[in-house]
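Below is one structure, written out as structure tokens; the observations come after it.
Keep in mind that the numbers below use all heavy atoms, side chains included, and drop hydrogens, waters and symmetry copies.
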Amino acid sequence: MLSPGAPRLLLVEFLTSARLFQERSAAFPFVRGFALGRNIPVRHVCFGYDPAPEVAGRFRMTFTGEEERTLREVLKQHSPTHVLLNELLEEEAFARLKAHAPRAAFTVNELDPVLSLNDLDLLALWLEGTGPLMEWLREKDRDDPDSAGRSPLWRLARLRDQGALPPPISRHTIDHVTPDYQCELMNDSARRIRPLVQVLAGPLCFFHAPLGRNPAYRGIALDSLAPFGDRVAACAFCSGEPDRAYRHTRRPEELALAQLVAAHRTTPRERFSAEFLIRGAAVFARVGRFFEALLEARVPPSQIYFYCRFDEVLKKGEVLESFLPRLEEAGHVIHLFAMGAENFSAVENERLNKGLAPETVGRAILLLRGLERAWPRALSYREHGGLSFILMTPWTTLDDLEINFATFKRLELPPDRLLLTSRLQIFDDRGVALLARRDGVLAEEFEDPAFALFDSGCVKDERQRELPWRFQDRRVSAIYSLLVRTDSFGDRLARDPLHRRMRTLIGRLAGGDSNLFALAEAILAVARVDGPLAPERLLERAERLAAERGLFARAEGLDHRKVVAPTPSVQIVLDTARRMAESVPPARLLDEVARSLGEAAGELVAALSPAERRDLLRAALAPRLERVATRVRALIAALKDDEREPLCGFRPEEVAVRWSRSGRAELHVALSMGEERLRLFISPLPAADGPRLLAGERFGLVLDRDGKLDTTAKRCAAERLLRLCESHLDPSDLPRVANGRM
């Protein structure tokens with residue numbers, strides 16, 4: 001039972017390094033802002049962690065002894081009455097923490113951030129309620145067995161929906177509360193992870209196509225779909241609400257802008273990425289007004305990520321094109337990513353109730369490619385995956401695969417393994433589960449254990465359980481047994497003979513991954529001609545056909561350990577290292593890559609010479625360093641609004657990150673003013689090649705051989721650049737890599 005005294009709130013955030021699984025703490029800044037507005041003592045502490053690859057452990061942090069002691073000390077110091085966590089803990093650790101705060105109510109946020117934590121009335125009732133509230137909830141729970149073990153917030157939301165509580169007066173917290181992103185970073189992982197700032201602005205999607213009107217679902221009773229029954233009007237694999245209306249009192253661009261401004265102002269420097277994920281379809285629907293408000297408010301350079309549909313992109317093409325020059329000038333970068341194409345077969349997409357014609361996707365991709373080519377510093381489409389896909393479903397035919405492979409080539413899509421390994425994930429509360437049950441394709445388990453390893457990221461809660469299924473066409477099943485093994489899955493298939501054979505075959509491809517689609521076409525061609533085959537036989541015959549088509553590199557003169565032009569075996573390591581470079585420190589990167597890819601990759605990495613390890617590490621870090629350079633370009637561009645002449649008359653000609661002789665990544669900036677040229681090298685202290693002419697707290701600045709700070713303007717420009725780096729960069733942004741060591 002809660003203490004009848006004044007509330008004291010503790011927010012405990014377990015921050016995963018997987019950037020697209022961070023949304024369950026999205027409402028924390030609003031809860032903190034609400035508490036501050038009510039003069040309720042509040043602390044927000046953050047522990048970072050690397051998630052387990054399996055769903056069962058993805059959402060739980062495993063405490064070290066020191067981390068648990070740290071949190072116990074926080075509980076002792078703050079003496080909270082309410083503790084809100086965004087993720088579950090291992091049961092014994094959770095019990096020990098509860099024992100250290102016996103008067104506190106521990107609540108785990110089980111709901112999407114736009115639900116209970118975003119309900120101002122429920123939030124106030126939970127936070128300011130005392131013992132009688134808990135007693136009343138316990139009485140209500142006796143009549144509702146589904147409430148057992150659920151958090152008070154979940155139970156309050158359920159009771160309100162059942163009419164046991166009065167309807168809300170001020171429903172949306174984000175309409176009335178200014179968020180505060182201040183928090184305390186409690187371990188090294190939390191200081192390393194720079195999360196996407198989640199921007200809440202209404203429903204994630206406005207797509208509305210009633211499932212009951214789809215011919216594929218004719219005769220299927222949809223009323224069993226909880227909680228919305230036959231009102232479901234979303235994609236068949238999605239659990240969308242039937243009512244997707246925008247119900248905030250503030251306009252979406254105002255809501256989003258307020259959160260960007262607050263995050264820039266209050267987020268701790270070590271945590272702040274200046275990257276924002278817009279969780280609200282209404283913002284993109286009014287994207288022109290949002291861009292205008294963003295520019296008018298002179299928000300510092302930001303990277304802004306949008307979830308949106310390809311048909312929505314086509315509608316906003318002219319708006320995007322008109323704003324990109326101004327956005328680039330202001331230092332902003334727009335990311336359109338993870339957009340669901342799902343499938344280029346119209347039959348498959350209709351079954352998925354996607355409401356998206358393949359030709360629409362093609363036109364949108366060509367539009368985005370052109371905009372990205374014209375404004376590469378303002379628009380990013382391909383860097384973060386471009387599109388999401390569902391290649392395989394229980395109903396997939398050889399014709400469907402042929403359509404998809406042909407479209408991959410026609411649109412010149414990069415050979416992303418996701419396009420070949422993706423499959424439908426079916427959950428019991430989705431419309432597609434009813435279709436699969438009617439057609440008899442659900443199974444006790446997947447026929448190939450490798451099928452179960454694929455994870456699209458759709459699982460957002462460890463209590464979700466995927467329903468295994470089987471292919472209707474045995475030929476497609478054998479094809480997928482090979483295609484799914486184009487992914488390494490860490491070391492989880494290390495002992496699988498078919499996986500090893502498939503990886504060896506990929507390692508022989510001329511051009512590495514660039515020939516993956518051609519290999520997939522060879523596999524499909526054999527399956528079409530030879531009929532159902534065991535995956536091993538299919539692989540043997542596909543290998544012969546691939547050789548006939550000239551897909552393999554010649555053996556003569558190949559050095560499989562060169563990194564300058566990586567062969568496929570090294571390419572696999574390099575691709576994995578690039579993906580892991582965002583969350584793993586460079587000093588551990590190759591070891592972690594070797595561990596995740598298994599024994600064969602470990603042997604490959606161990607066999608590399610120091611120089612080859614250095615080259616591989618530098619190649620892996622290249623995308624990350626280019627983002628640092630992009631950020632600095634944007635910051636310099638933003639200086640143009642400085643009324644005191646931002647760079648004292650100098651203009652930036654070049655901003656890049658390059659490797660110094662000592663192996664340190666350095667920021668290179670070339671400036672010009674008329675005939676004057678000034679080239680500056682900035683690197684973390686104490687390392688710097690050459691005498692440091694200027695030194696800050698964390699960075700030092702040197703000039704090229706012939707450079708001199710012999711005028712007031714030169715010194716002024718150099719000092720301003722150094723101050724900019726001190727304010728916006730971390731020394732870890734510019735690592736040192738020399739002969740494979742850090």
Side-chain angles (χ1 to χ4, degrees), residues 1-17 22 24-52 57 59-110 117 123 126-131 134 151-153 179-195 266-272 583 585 730 732:
M1 184 179 297
L2 295 179
S3 164
R8 297 176 63 84
L9 175 62
L10 177 65
L11 303 172
V12 182
E13 179 182 10
F14 300 122
L15 180 64
T16 171
S17 58
Q22 297 168 338
R24 286 220 288 243
S25 58
F28 277 25
F30 288 94
V31 178
R32 175 179 168 82
F34 173 82
L36 292 173
R38 300 287 183 106
N39 293 318
I40 295 172
V42 56
R43 287 181 70 179
H44 176 179
V45 296
C46 176
F47 294 85
Y49 74 100
D50 292 317
F59 302 102
R60 292 200 181 202
M61 176 179 175
T62 302
F63 267 137
T64 65
E66 181 180 354
E67 289 164 343
E68 187 171 337
R69 286 190 294 273
T70 299
L71 185 49
R72 287 180 190 172
E73 185 62 27
V74 171
L75 290 168
K76 178 181 177 181
Q77 292 173 357
H78 192 59
S79 188
T81 59
H82 295 69
V83 181
L84 180 62
L85 306 93
N86 64 317
E87 304 288 4
L88 292 168
L89 271 175
E90 186 273 325
E91 289 185 10
E92 291 185 5
F94 201 8
R96 289 194 298 270
L97 287 177
K98 288 181 176 180
H100 277 76
R103 64 189 290 266
F106 283 75
T107 300
V108 179
N109 180 28
E110 303 173 70
L117 286 181
L123 184 59
W126 167 71
L127 188 54
E128 297 178 336
T130 57
M134 295 295 105
S151 77
L153 280 166
D180 189 298
Y181 296 83
Q182 186 60 240
C183 62
E184 303 168 55
L185 308 179
M186 309 304 288
N187 63 357
D188 288 340
S189 292
R191 287 182 281 272
R192 169 173 53 84
I193 300 170
R194 296 191 176 188
T266 62
T267 308
R269 183 176 64 183
E270 286 181 295
R271 178 184 171 108
F272 192 44
S583 58
D730 189 89
S732 63

For a quick test of reading the model, state the closest non-hydrogen atom pair linking [X] to [Y] and the distance between them.
X: Pro179; Y: Phe30; result: CD-CE2, 3.8 Å
X: Pro29; Y: Ala26; result: CD-O, 3.3 Å
X: Glu270; Y: Leu185; result: CB-CD1, 3.8 Å
X: Pro268; Y: Cys183; result: CG-O, 3.4 Å
X: Thr81; Y: Pro7; result: OG1-CA, 3.2 Å
X: Pro51; Y: Ser17; result: CD-OG, 3.4 Å

Looking at [atom1] of [X] and [atom2] of [Y], how far apart are the two atoms once the value is rounded to the nearest 0.5 Å?
X: Leu11; Y: Glu184; atom1: CG; atom2: CD; result: 10.5 Å
X: Arg38; Y: Leu9; atom1: CZ; atom2: CG; result: 12.5 Å
X: Thr266; Y: Arg32; atom1: OG1; atom2: CZ; result: 8.0 Å
X: Leu75; Y: Thr70; atom1: CG; atom2: OG1; result: 11.0 Å
X: Thr16; Y: Met61; atom1: OG1; atom2: CE; result: 10.5 Å
X: Leu85; Y: Leu97; atom1: CG; atom2: CG; result: 8.0 Å

According to ring-ring contact (aromatic ring centres under 6.0 Å, His included), who are the partners of [X], at least two apart in sequence or on a separate chain?
X: His44; value: Phe28
X: Phe272; value: His264
X: Phe14; value: Phe63

Within residues 90-100 or reaching into it, pairs that qualify as salt bridge (charged side-chain N to carboxylate O under 4.0 Å, His left out) - sequence neighbours excluded: Glu68-Arg96
Listed once per pair and sorted, the salt bridge (charged side-chain N to carboxylate O under 4.0 Å, His left out) pairs that draw on residues 77-89, sequence neighbours left out: Arg24-Glu87
Candidate pair Phe106 and Leu89, rule side chain to side chain contact (heavy atoms under 4.5 Å, CB included), full reasoning: CA-CA 12 Å; Phe106 283 75; Leu89 271 175; over 6 Å; no
Which residues share a side chain to side chain contact (heavy atoms under 4.5 Å, CB included) with Pro195, sequence neighbours left out: Leu15, Gln22, Ile193, Arg271
Taking only residues two or more places apart in sequence, or in another chain, which ones meet [X] in a side-chain hydrogen bond (donor to acceptor under 3.5 Å, both in side chains)?
X: Arg194; value: none
X: Thr62; value: none
X: Arg191; value: Asp188
X: Gln77; value: Arg43, Glu73

Side-chain heavy atoms of Val74 within contact of Met186, under 4.5 Å: yes
By salt bridge (charged side-chain N to carboxylate O under 4.0 Å, His left out) - contacts of Arg8 (at least two apart): none
